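The structure appears right after this line, and notes come after that.
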Amino acid sequence: MNYAGKKVVVALSGGVDSTVSALLAQQAGCEVVGATLDLSPAESEWKAAWGCGGEDTQIIKTVAAKLGIEHVFINAAQAFEEKVLKNCFEQYRSGKTPNPCVLCNPLIKFGLLYEYAQSIGAAALLTGHYARFSPEKLIVRGDDLRKDQSYFLYRLPRHILDFIDFPVGKLQKQEVRRLAAEADLPSASRPDSQDACFVFPGEGFADTLFRRFNGRPQPGKFIYNNKIVGQHGGIHRCTIGQRKGLNVALGVPAYVKNINATDHTVELVTDQTLLERSSFEITQVNFQTSVIPSANEELLIQIRYRTPAAPGFIRQLDDDHFSIELKNPIRAITPGQSAVIYRGNTLLGGGIII
C-alpha cells in the first residue's frame with residue numbers, strides 16, 4: 001500500500017478488519033475518508049435483523065471520530081434489494097442455492113464505493129478483506145488462510161481491481177485485533193459478522209427472502225428409490241447434500257441428491273457416494289487474467305467458501321460457459337453456488353455452477 005499523501009476511501013463496516021484498514025492507511029500517511037454503504041431495509045424489524053458486515057452506526061461514528069477522519073453513509077438499500085436479494089429469491093425459487101456475497105461485491109459493495117471514490121478524486125478504495133495482490137495485480141489468498149476471502153471476489157472487473165487494496169490481507173486475525181486494541185478502537189473485540197444478510201431466529205435465509213418478496217412456497221414430494229417417502233414445504237428449503245431438517249424417516253440418514261423445479265420433487269439418497277461428481281459446468285464466467293488457462297493446465301477448483309480447493313481442469317465451451325473436470329470426485333456440487341478457479345493461491349476467475 002503506497003498512497004502516502006493521497007486521498008483514499010476506506011469501506012467502514014464497524015468491524016475490526018475495516019477499522020484496522022483505516023488505521024493502517026492513516027499511519028501510512030493517507031488522507032482517509034471512511035464510507036459505509038447502508039444496505040439494510042427501512043423497516044425496523046428488518047433493520048434489527050440485519051447481519052451483514054457488522055454495520056453499527058454508533059460504532060462507525062465512534063471509530064471515525066477516534067481516528068479523526070471524514071466519514072459518509074451512502075444509502076444503497078434499494079439497489080441491494082433489486083440486484084442482490086431479488087436475484088437470490090428467484091434462484092431459490094428455481095431450486096438453486098445462491099451466494100449473495102458473490103453477487104453483491106461487484107454490483108454493490110465494490111461497485112458503488114468505487115463510483116463514490118472516483119467522484120471525490122480518491123486514489124484508491126481500501127477494504128478489510130483477507131486477500132492480497134500479486135505483482136501482476138491478481139488477487140492472492142490472504143496470508144491468514146482461515147479467514148481468506150478471495151473466493152467472494154472472483155467477479156470483480158479489472159477496472160475495480162486496479163483501484164483497490166486490502167491493508168489487512170498480509171496479517172493474521174489476532175494481529176488485526178491487537179492493532180485495534182492498541183489504538184483503543186471500539187471494534188477490537190467485536191465478533192465477526194454473520195454470513196447471512198438477515199438473521200431471524202429459527203428462520204433460514206431462503207424463507208426470509210420468500211417472506212420479503214411475498215413468495216409462495218411450492219410444497220412437493222420427497223422421492224427415494226422411485227417411491228414417495230414424505231412431503232417438503234418448498235424446494236427453496238432444500239440444497240444438494242443436505243441432511244438436517246428433512247424430517248423423513250428412512251431408518252438411516254438421507255441426503256438431497258437432486259431438486260426438480262418443474263414438479264417440485266426432491267430426490268433423496270442414503271449412500272453418500274451418490275452425491276459425488278467429477279464433472280460439471282459453469283456459466284457467467286469471469287476471468288481476471290488476460291489469458292484464459294489452457295485445457296491442459298491442472299488448476300485448483302473451489303466449489304464453496306468452506307470447501308478446500310480440488311485439482312481439476314477447465315475447458316471453454318463458449319464465451320462464458322466452461323466445463324470442469326476434477327481429478328477426483330467431490331461431494332455435493334450445488335447449482336447456484338460458485339466454482340472459483342485458482343493457480344496455486346492466485347485467483348484466476350470463476351463462474352456459477354449449473
Side-chain angles (χ1 to χ4, degrees), residues 1 8 10-25 27-28 34 36-37 39 50-56 59-60 63 99-106 108-110 113 124-134 137-156 160-161 164-183 185-197 199 205 288 300-310 337-350:
M1 184 173 67
V8 297
V10 178
L12 279 183
S13 69
V16 67
D17 304 319
S18 65
T19 298
V20 170
S21 296
L23 174 67
L24 293 174
Q27 291 176 345
T36 303
L37 290 179
L39 306 180
W50 183 248
C52 175
E55 283 88 345
D56 184 300
I59 286 183
I60 292 170
V63 166
N99 187 313
C101 298
V102 164
L103 296 172
C104 181
N105 277 328
I108 306 297
K109 287 190 175 178
F110 283 88
L113 288 175
L125 168 65
L126 312 181
T127 77
H129 285 79
Y130 283 86
R132 54 190 179 87
F133 280 106
S134 70
K137 198 65 175 180
L138 291 174
I139 293 176
V140 179
R141 292 189 188 276
D143 284 0
D144 190 336
L145 293 179
R146 298 166 303 170
K147 295 295 182 180
D148 168 58
Q149 293 170 299
S150 59
Y151 174 89
F152 298 111
L153 305 176
Y154 79 89
R155 296 178 72 84
L156 295 183
I160 288 182
L161 291 179
I164 61 176
D165 214 335
F166 309 119
V168 303
K170 295 183 178 181
L171 301 178
Q172 300 293 308
K173 184 74 177 197
Q174 62 265 31
E175 176 71 1
V176 173
R177 291 201 179 277
R178 184 187 66 79
L179 290 171
E182 287 180 354
L185 293 169
S187 57
S189 59
R190 290 198 79 192
D192 290 343
S193 61
Q194 302 282 343
D195 291 333
C197 306
V199 182
F205 182 52
Q288 296 174 334
L300 292 172
I301 316 297
Q302 187 171 340
I303 64 163
R304 60 177 62 84
Y305 177 45
R306 294 298 185 188
T307 298
Q337 291 285 289
S338 289
V340 180
I341 302 161
Y342 293 84
R343 178 183 289 131
N345 282 335
T346 300
L347 171 64
L348 302 181

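When a residue number appears, it is its place in the shown sequence, counting from 1. Predicted model only: the values in this text are computed from it and were never measured.
Residues Ile139 and Tyr154 have side chains not in contact (no heavy-atom distance under 4.5 Å, counting atoms from C-beta outward). Contact of the Arg304 side chain with the Asn99 side chain is not registered, since no non-hydrogen atoms from C-beta on lie closer than 4.5 Å. Within the 4.5 Å cutoff, the side chain of Gln337 has no heavy atoms near those of the Ile303 side chain. You'll find the side chain of Phe205 reaches within 4.5 Å of the side chain of Pro100, heavy atoms only.
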Leu126 and Leu24: CA distance, side-chain angles, deciding distance, side-chain contact (heavy atoms from CB on, under 4.5 Å) verdict
CA-CA 10 Å; Leu126 312 181; Leu24 293 174; over 6 Å; no
When you look at Leu39 and Lys109, which way does the side-chain contact (heavy atoms from CB on, under 4.5 Å) test go after all the steps?
CA-CA 9 Å; Leu39 306 180; Lys109 287 190 175 178; 4.1 Å; yes
Evaluate side-chain contact (heavy atoms from CB on, under 4.5 Å) for Leu179 paired with Leu171, printing each intermediate quantity in order.
CA-CA 10 Å; Leu179 290 171; Leu171 301 178; 4.0 Å; yes
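The backbone N or O of Gly349 sits nowhere less than 3.5 Å from a side-chain atom of Gln288 that would complete a donor-acceptor pair. A donor-acceptor contact shorter than 3.5 Å is absent between the side chain of Arg132 and the backbone of Gly142. Although no hydrogens or angles enter the test, the distance criterion places a donor-acceptor pair under 3.5 Å between the side chain of Asn105 and the main chain of Phe152. Put simply, the side chain of Thr127 never gets that close to the backbone of Ala11: no donor and acceptor are under 3.5 Å apart. For the pair Gln302 (side chain) and Tyr305 (backbone), a donor-acceptor distance under 3.5 Å is present.
Counting all heavy atoms, side chain and backbone alike, Ser18 lies closest to Val10 at O-CG1, 3.8 Å. Among all heavy-atom pairs drawn from Thr19 and Leu185, the shortest one is CG2-CD1, 3.4 Å. Taking all atoms of both residues into account, the shortest heavy-atom contact from Val16 to Ser187 is CB-O, 3.3 Å. When all heavy atoms of His129 and Phe166 are compared, the pair lying nearest together is O-CB, 3.6 Å. Nearest heavy atoms, Ala131 versus Leu153: CB-CD1, 4.1 Å. The two residues Val8 and Ala25 come nearest to each other via the heavy atoms CG2-CB, 4.3 Å.
Here CD of Gln172 is found 11.0 Å from NZ of Lys147. Values are rounded to the nearest 0.5 Å. Once rounded to the nearest 0.5 Å, the distance linking OH of Tyr151 with CZ of Arg141 reads 10.5 Å. Atom CG of Leu103 and atom CD1 of Ile108 lie 9.5 Å apart (nearest 0.5 Å). Atom CZ in Arg306 sits 10.5 Å away from atom CZ in Arg146 (nearest 0.5 Å). The distance from atom CG of Leu12 to atom CD1 of Ile59, rounded to the nearest 0.5 Å, is 12.0 Å. A distance of 11.5 Å separates CG in Leu300 from CG in Leu347, rounded to the nearest 0.5 Å.
Residue Lys173 places its NZ atom among more than 12 non-hydrogen atoms of other residues, nucleotides or ligands, all under 6.0 Å distant.
Under the rule for a side chain to side chain donor-acceptor pair (under 3.5 Å), the partners of Ser150 that lie at least two apart in sequence or sit in another chain are Asp148, Tyr342.
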